[in-house]
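Chain letters run A, B, ... following the sequence lines, proteins first and then strands; every chain starts at 1.
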4 protein chains.
Amino acid sequence: MTAPHRRNERSRRAILDAALALLTETGYSRMTIEAIAARAGVGKQTIYRWWRSKGAVVLDALVDGLPAAAALPDTGDIHADLRAVIRATVAEFADPHLSATTRALTIETLADAELAAQVRDRLLRPQLDQVRDRLESARRAGQIRDDAPLDQVVELLFGPIYHRWLLRTGPLTEPYADTLVTLALTAACQPTVGPATERQPDLHAE
Amino acid sequence: MTAPHRRNERSRRAILDAALALLTETGYSRMTIEAIAARAGVGKQTIYRWWRSKGAVVLDALVDGLPAAAALPDTGDIHADLRAVIRATVAEFADPHLSATTRALTIETLADAELAAQVRDRLLRPQLDQVRDRLESARRAGQIRDDAPLDQVVELLFGPIYHRWLLRTGPLTEPYADTLVTLALTAACQPTVGPATERQPDLHAE
Amino acid sequence: MTAPHRRNERSRRAILDAALALLTETGYSRMTIEAIAARAGVGKQTIYRWWRSKGAVVLDALVDGLPAAAALPDTGDIHADLRAVIRATVAEFADPHLSATTRALTIETLADAELAAQVRDRLLRPQLDQVRDRLESARRAGQIRDDAPLDQVVELLFGPIYHRWLLRTGPLTEPYADTLVTLALTAACQPTVGPATERQPDLHAE
Amino acid sequence: MTAPHRRNERSRRAILDAALALLTETGYSRMTIEAIAARAGVGKQTIYRWWRSKGAVVLDALVDGLPAAAALPDTGDIHADLRAVIRATVAEFADPHLSATTRALTIETLADAELAAQVRDRLLRPQLDQVRDRLESARRAGQIRDDAPLDQVVELLFGPIYHRWLLRTGPLTEPYADTLVTLALTAACQPTVGPATERQPDLHAE
DNA sequence: GGTTAAGCGAGACGGTACGTCGAGTCTTGAC
DNA sequence: GTCAAGACTCGACGTACCGTCTCGCTTAACC
């Protein structure tokens, strides 16, 4: 691979900025590499040299514009803490503007496994891990079952949101968020019903 | 709209067949209207005359090849019944071949709200409703809480599967399916934890 | 090949006109297919569909704009008649504008044998044949040697002009033209000097 | 200009060799500066620093590989001496390999007047001058007319060859060469026909 | 003999044009 | 009026080279 120290930082910035601007102005699918290059005052080749696809550029642009993930607040009240973050997440997905970008990027990931991994690890994992960490702290505090599969509880929270957003099967509102948190926590706190199931491997075990 | 009684059934079939074939052969995103027309031995116009987009053709092709949804078996054991259907669903998503098609359609869904509604109502809703109906029967049998929000419980089952499939955050296995069913049923059966939340409107109330 | 009756005459004309215009405005080498298409209000594909190269378009444009070759005037005075046509030819090559186009097309023919044949047969041969015909008439009138190789005499007239034009070894003026005609006719009229040479085959013999 | 004493001879050689190799391998028009640089293991800038264009490089490469021009043999028989050199010239143009190179350089010549002058003076003039010198000697020996325009006689010999080669209007054979010599010498030896023409300035008069 | 500016390889850069692809529209004749 | 066929305009694709521009490194000339 090319030594990255030769890379022109000014161009890199211009491209990411242009991508972000076009993303909000014209939407992902109507945005073209050619337009990004023109807007950034850059040759197309310079984009192709450093990124594999439109999706990769947008991903970089988004990650680049994101604040570093801080830990979730831990008030000691797991229910309240989760409600806050899930409400925020639901609101984000409900916002047509933010939603459009996510939607667009999701499309790209469906067709490009490499990109999907990047999106997952650089954009989403941090958010999921925040919640997981908060749940772990709650478990240590005895607020949720010892054998609760934390990863799946996290998915219990985010999965339905994605589902509803993706398939538009219902509104994304605050009461919805609250019910969701309650359901997930009930599943995580109460003793399980039904036959015992094999313990799921913890994806985060080191 | 053009009167459909003039429509050439032979062409319609050829187009849907070609679409299905190309879908599995070349994948959704590399498949073009032009290719469908060529493969079907049909003028491009004939496709544009009857369908709004590539996604619409594919949707028709898929729905066309699908069996009508029958009701889920009801053995009286809600846990066992759900486990069966969720295991099947997880297996379907884990299968690379079936998964490719779903993936394809999901892409289009993301970019086209009109199509999304069609996919949701013609392809997915029947499946979700089967599960919802089974849950309703369980509620009547007193096996789950009276005030459990059935729609959200359904999403508690399917959301995480979509999420894990979409983001590839973990394997889609049988034990995973079983744990998922247990968690969802726990949430639906056990008394809720945390503060009371506003009752969600039932999406199916008439 | 595609049935030509489907071809859009309006586009064809627009392309040839645009090519001719650009040829005189910007010169051959700075003229691009893209510019022709834009100027003609035509998709690039339409040019690529019907022509193999820029040179082919220009050739068509030139041939298209040319009057049908009439026979040279025959006053009975071969010397005067040739002087007229050779003076005109020399003037044409001396004109920077006309010359530029010829020069450009010649470049193209050097790299493309197919095109070269077209240029030779459709653009140049008619002109050469006019002169040859006039020489033949002079031979019949007993004004030049019976065994004079007419094709080579024609080349004796045009070859040096091309040479001088191509290599810029000297000015292209009227006196030059006149001397050239005199030399060529001397070669054609006077008895040959030196050892007898094998009779060259007449390229036009039927 | 940059002081040439700093110039890296190894690079110069590598570039000229690479140019010559690519010329015969891929042909002039498909050969690029980038390819020459890559092949020579040299930075592009090193080429641009010392040559103005692709043609200039090729010219240098060709001149570099050429023997110095010696005087033509002078047996006293002007016809025999010319026949020898013209036969050789015709053979050279008939050879597809040598011809390709000439063709290549001629292309560039057409588009670049500065280069044309170089080619003319460094490559062609020596050859033409050899013939001219031989003719001059013949004139002194009384073998050709006193007032014969030697420059134009030279062109009478070479022009038709170029013409036939360029336009591919006929074969380049020995008998053709011989006829050509006879015609040119007839024009130069015999009294002129037709009206007297203004004496052409001798291009070589000092 | 050490310093220093040049030439050097490498290759990124902003550009221009390439030739191709597919979109969606339009036209032609056959049925 | 629908169909197969396919030409049309349009716009973007990803690539190839252009000629210019740094970057460090090497090297030869002049102190």
Value in whole Å for how far the [atom2] atom of [N] lies from [atom1] of [X]:
X        : N       : atom1 : atom2 : answer
Arg10(A) : dC21(F) : CZ    : C1'   : 13 Å
Arg7(C)  : dT27(E) : CZ    : P     : 19 Å
Ile47(A) : dG14(F) : CD1   : C1'   : 12 Å
Trp50(D) : dG19(F) : CH2   : C1'   : 18 Å
Lys54(D) : dC18(F) : NZ    : P     : 7 Å
Glu9(A)  : dC23(F) : CD    : C1'   : 17 Å
Asn8(C)  : dT9(F)  : CG    : P     : 6 Å
Trp51(C) : dC18(E) : CH2   : P     : 15 Å

Query raised in the report: Centre of Trp51(A)'s six-membered ring, under 6.0 Å away, within 45 degrees of the axis: is that where NZ or CZ of Arg7(A) sits?
Result: yes
Classify the side chain of Lys44(D) and the base of dG19(F) as holding, or not holding, a donor-acceptor pair under 3.5 Å. yes
field: Interface residues of residues 24-41 of chain C with DNA chain E (non-hydrogen, below 4.0 angstrom)
entry: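 Result for residues 24-41 of chain C: Thr32(C), Ile33(C), Glu34(C), sorted by number.
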Between [options], which nucleotide has the shortest distance from any of its atoms to the side chain of [X]?
X        : options                  : value
Gln45(C) : dC13(E), dC21(E), dA7(F) : dC21(E)
Arg49(A) : dC13(E), dC18(E), dC8(F) : dC13(E)
Ser11(A) : dA5(F), dC3(F), dC13(E)  : dC13(E)

By side chain to side chain donor-acceptor pair (under 3.5 Å) - contacts of Thr26(D) (at least two apart):
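Not a single residue meets the side chain to side chain donor-acceptor pair (under 3.5 Å) criterion with Thr26(D).
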Quick check: closest heavy atoms across Leu115(C) and Thr109(C), and the distance to 0.1 Å?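 Looking at all heavy atoms of both residues, the shortest contact is CD2-N, 4.3 Å.
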Exercise: identify the closest heavy-atom pair between Arg52(C) and Ala56(C):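 Shortest heavy-atom contact: N-CB, 4.1 Å.
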Distance from Lys44(B) atom NZ to Thr46(B) atom OG1, nearest 0.5 Å?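 Going from NZ on Lys44(B) over to OG1 on Thr46(B), the span is 11.5 Å.
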Report the C-alpha distance between Arg49(C) and Gln45(C) in whole Å, list the side-chain angles of each, state the deciding distance to 0.1 Å, and finish with yes or no for side-chain hydrogen bond (donor to acceptor under 3.5 Å, both in side chains).
CA-CA 6 Å; Arg49(C) 188 161 18 242; Gln45(C) 202 59 57; over 6 Å; no
Across all chains, not counting sequence neighbours, the side-chain contact (heavy atoms from CB on, under 4.5 Å) partners of Ala14(D) are Ala40(D)
Of Tyr48(C) and Thr46(A), the one whose closest nucleotide on DNA chain E sits nearer the 5' end is Thr46(A)
